[in-house]
Colleague: 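Supplied in structure tokens, the structure appears directly below.
Only heavy atoms go into these numbers, but all of them, side chains included; no hydrogens, no water, no symmetry mates. The chain is numbered in sequence order, starting from 1. Computed from a predicted model, the values in this text were never measured in an experiment.
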Amino acid sequence: MTNSQIVMLIAMAVYLLGIVFVGFVLSSQNETMGDFYLGGRKLGPFVSAMSAEASDMSSWLLMGLPGVAYLTGVADAGWTAIGLALGTYLNWLIVAKRLRRYTEKTNSITVPTYFSNRYKDEKGVLTLLGALIIIVFFVPYTASGFAACGKLFGSLFGIDYHLAMVVSAIVIILYTSMGGFLAASLTDFIQSIVMSLALIIILVFGVTQAGGMEAVMENARTLPGYLGFTSTYDAASGAASPYSALTIVSTLAWGLGYFGMPHILLRFMAIQDDHKIKLSRRIASVWVVISMAAAVLIGIVGLGMSEAGAITLLQGSQSETIIVEIAQKLAQNGVLTALIAGIVLSGILASTMSTADSQLLAASSSVSNDILVNVFHLDMDQKNLLRVSRISLLIIAVLGMFFAWDANSSVFQIVSFAWAGFGAAFGPVVLLSLFWRRSNKQGAVAGLLAGGIMVFVWKFAVRPMGGILNIYELLPAFLVAIAVNVIVSLATPAPDREITATFDAVNKMK
């Protein structure tokens, strides 16, 4: 191991120890299930905004998006970023405040229990179904985060993948199980700052190494379709490929996923003052737009660096390591720059951990609070319930490590599929439960099932047919789920007066 690698490793180790320390400090603040899973609804506007976006972006922001831009140009990465930016803004605008109020009114601390409480589902069918959907999609989603950490340490320092993956998972388990939701949220806030620093450092250093911004753009302009929004660059043929209107709509559909992401919706539910949500929305939206624009630009700058001979030309999936390559280049200029490179790499680590911790909490809450307490009515005091919650989190994490054991597993394909699953299963139910007075339990059950099943059907049976059917599974599954929810609600008895009275009371809140 070289001196620069040792310095980078030390910087990352200090960062990891700091995150665990935060979890230890906040562990004493968890006295009830509400504290552990919602932080007692105490999140301020800055922490709620930044932790929501950090838990959303994962390593996709610092690896996937720059990699796509490096390889094919602006169109694919750009339309994806636009869709996600719109989804972020709309989610904060129309869902955040109303969900915060409705979940407090119905005394709900998880998304599945909100569904049951919203529709007076005394048998807990919606809670059980929602919890099972969370487990099905979040266990492999969490595994993808563990795998990303393992691959990062393995590729950088030559550490065994399995050892690196397990150690990273243990760190995430420690601070999340000790500090619960508050630790996850505060560390996500810290990690969003580290991610931002990583983007800025890499962008500035990359531009200087590529010969300046003018040289970067000149190189991009010479590649057919690279800077277009209706075409992409095909590196294999050196020619432009069309980026159709259907593909644009399919890519924009990524934004629909936000309405159903449990780990993001939990941030809305945990906000201390719903009158400050406007400030949170502005913070979140500005950060998302700037960070994704910087990530796309890093891909373009990285290609300019390859053209200038500063780094090697990356091909295929190697393009996702562009920030790692630039960081390693930065580390070669002395101890100080190696330390800065360690901060950059901590940013990649932070982007992965900030998502994995939130997923662990959401998945463990489905086992302990939703299934054991609300469905099977396990009778325990708060101390024992907290113990069960932590054990559930540990079990989910171990399952995640099992799924992540294959070093060749595709991180980003798993993320894409899980994003579609939550967006299609939960998104329509969340929206209709908040804004449609006539929606009922039968419609919500049918909508959850239709959205979740259609994601699998479209992904594995319909989309492989190609042509106009080759669109992201989230879009058709989301539309089908909404249609099924509405049709079944209208075909079955209207909700009773108690349910509509609660809806009206929330609707009248100022």
Colleague: Kindly determine whether F417 and F460 satisfy ring pair (Phe, Tyr, Trp, His ring centres under 6.0 Å), including the steps that lead there.
Modeller: CA-CA 11 Å; F417 183 66; F460 298 108; 5.6 Å; yes
Colleague: Heavy atoms, side chains only, cut-off 4.5 Å: are Y102 and T502 in contact?
Modeller: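 The answer is yes, as the side chains (C-beta and beyond) meet within the 4.5 Å cut-off.
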Colleague: Over all heavy atoms of both residues, which pair between I499 and R118 is shortest? Give the atoms and the distance, please.
Modeller: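 Shortest heavy-atom contact: CG2-NH1, 3.3 Å.
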Colleague: Look up atom CD1 in I264 and atom CG in L99, then write down how far apart they are to the nearest 0.5 Å.
Modeller: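 One gets 12.0 Å once the value is rounded to the nearest 0.5 Å.
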Colleague: Checking side chain to side chain contact (heavy atoms under 4.5 Å, CB included) for the pair Y89/L86: CA distance, chi angles, key distance, verdict?
Modeller: CA-CA 5 Å; Y89 179 79; L86 288 172; 5.9 Å; no
Colleague: State the CD1-CD1 distance between I248 and I471, to the nearest 0.5 angstrom.
Modeller: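 Nearest 0.5 Å value for the CD1-CD1 distance: 14.0 Å.
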Colleague: Quick one: NE2 on H263 to CG on L265, what's the gap to the nearest 0.5 Å?
Modeller: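 Here the interatomic distance stands at 9.0 Å.
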Colleague: Heavy atoms, side chains only, cut-off 4.5 Å: are W254 and L474 in contact?
Modeller: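 SC-SC contact between W254 and L474 ruled out.
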Colleague: Determine the minimum heavy-atom distance between L475 and L256, stating which atoms define it.
Modeller: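 Minimum heavy-atom contact is CD1-CD1, 4.0 Å.
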Colleague: Could you check whether Y233 and S241, counting side-chain N and O atoms only, form a donor-acceptor pair closer than 3.5 Å?
Modeller: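 No, because no side-chain N or O of S241 sits under 3.5 Å from a partner of the opposite role on Y233.
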Colleague: Whether the side chain of D274 engages the backbone of K97 through a donor-acceptor N/O pair (distance < 3.5 Å, no angle test) should be reported.
Modeller: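 No; judged by distance alone, with no hydrogens or angles, the pair does not exist.
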Colleague: List the steps, then state whether side chain to side chain contact (heavy atoms under 4.5 Å, CB included) holds for I94 with F259.
Modeller: CA-CA 10 Å; I94 66 177; F259 300 124; 4.1 Å; yes
Colleague: Between S116 and T127, is any side-chain donor less than 3.5 angstrom from a side-chain acceptor?
Modeller: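 T127 and S116 do have a side-chain donor-acceptor pair below 3.5 Å.
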Colleague: Please name the pair of heavy atoms, one in V488 and one in A446, separated by the smallest distance, quoted to 0.1 Å.
Modeller: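 Smallest heavy-atom distance, with atoms named: CG2-CB, 3.7 Å.
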Colleague: How long is the straight-line distance from CH2 of W79 back to OG1 of T251, given to the nearest 0.5 Å?
Modeller: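 Reported to 0.5 Å precision, the distance equals 9.5 Å.
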Colleague: Could you give me the CA-CA distance, side-chain angles and deciding distance for L431 and F478, then say whether side chain to side chain contact (heavy atoms under 4.5 Å, CB included) is met?
Modeller: CA-CA 11 Å; L431 293 173; F478 189 95; 4.0 Å; yes
Colleague: Is the closest side-chain heavy-atom distance between P112 and I134 below 4.5 Å?
Modeller: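 With C-beta onward as the side chain, the pair touches.
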Colleague: Under 3.5 Å, side chain of R100 to main-chain N/O of A270, donor-acceptor pair present?
Modeller: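 No; judged by distance alone, with no hydrogens or angles, the pair does not exist.
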Colleague: If the condition is side chain to side chain donor-acceptor pair (under 3.5 Å), which residues does S244 pass it with, not counting sequence neighbours?
Modeller: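 Only T247 meet the side chain to side chain donor-acceptor pair (under 3.5 Å) criterion with S244.
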Colleague: Going from CG on L65 to OG1 on T80, what distance comes out if it is rounded to the nearest 0.5 angstrom?
Modeller: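 Reported to 0.5 Å precision, the distance equals 7.0 Å.
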Colleague: Is any side-chain N of the basic residue among K120 and D496 closer than 4.0 Å to the acidic one's carboxylate O?
Modeller: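 Not counted as a salt bridge, because no side-chain N and carboxylate O are separated by less than 4.0 Å.
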Colleague: Under 6.0 Å between the ring centres of F426 and Y258?
Modeller: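 No; Y258 has its ring centre 6.0 Å or more from that of F426.
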Colleague: Any donor and acceptor pair, going by atom type alone, linking the side chain of S489 with main-chain N or O of S439 inside 3.5 Å?
Modeller: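 Side chain of S489 to backbone of S439: no pair is present.
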Colleague: Closest approach of Y243 and D76, non-hydrogen atoms and distance?
Modeller: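 Result for this residue pair: OH-OD1, 2.7 Å.
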Colleague: Taking salt bridge (charged side-chain N to carboxylate O under 4.0 Å, His left out) as the test, write out the residues that go with R98, two or more places apart.
Modeller: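 By the salt bridge (charged side-chain N to carboxylate O under 4.0 Å, His left out) rule, R98 matches no residue at all.
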Colleague: Do Y472 and W458 have ring centres separated by under 6.0 Å?
Modeller: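 Ring centres of W458 and Y472 not closer than 6.0 Å.
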Colleague: Does the T113 side chain pair with the main chain of T110, one donor and one acceptor, at a distance under 3.5 Å?
Modeller: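 Present.
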Colleague: Which atom names give the shortest non-hydrogen contact between T500 and P495, and what distance separates them?
Modeller: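 It is CG2-CG, 3.9 Å.
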Colleague: Between S108 and N117, is any side-chain donor less than 3.5 angstrom from a side-chain acceptor?
Modeller: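 Per modelled atom types, S108 and N117 side chains form a pair under 3.5 Å.
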Colleague: How many angstroms lie between CD in Q442 and CD1 in I487, if you round to the nearest 0.5 Å?
Modeller: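 It is 15.0 Å, given to the nearest 0.5 Å.
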Colleague: Under the side chain to side chain contact (heavy atoms under 4.5 Å, CB included) criterion, do R463 and L469 qualify, and how do the steps go?
Modeller: CA-CA 5 Å; R463 191 172 184 181; L469 299 176; over 6 Å; no
Colleague: Between W405 and F146, does the ring centre distance come in under 6.0 Å?
Modeller: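 So the answer is no for these two rings.
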Colleague: Among side-chain atoms of T492 and N440, is any donor-acceptor pair under 3.5 angstrom?
Modeller: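 The criterion, which ignores hydrogens and geometry beyond distance, is satisfied for N440 and T492.
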Colleague: Would you confirm whether R437, through its side chain, and F503, through its main-chain N or O, come within 3.5 Å as a donor-acceptor pair?
Modeller: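 Such a contact is absent between R437 side chain and F503 backbone.
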Colleague: Determine yes or no for a side-chain-to-main-chain donor-acceptor pair under 3.5 angstrom, with T72 supplying the side chain and A69 the backbone.
Modeller: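 No: the side chain of T72 does not pair with the backbone of A69.
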Colleague: For S280 and W92, test the side chains for any donor-to-acceptor distance below 3.5 angstrom and give the result as yes or no.
Modeller: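 No, no side-chain donor-acceptor pair sits under 3.5 Å.
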Colleague: Can you establish whether the number of heavy atoms outside F402 located under 6.0 Å from its atom CZ is more than 12?
Modeller: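 At most 12 heavy atoms, drawn from other residues, nucleotides or ligands, come within 6.0 Å of this atom.
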Colleague: Could you report the tightest heavy-atom contact between V455 and A477, atom names first, then the distance?
Modeller: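 Minimum heavy-atom contact is CG2-CB, 3.7 Å.
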Colleague: Taking only residues at least two apart or on different chains, which pairs with a member in residues 424-434 satisfy side chain to side chain donor-acceptor pair (under 3.5 Å)?
Modeller: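 Residue pairs passing side chain to side chain donor-acceptor pair (under 3.5 Å), neighbours aside: Y114-S433.
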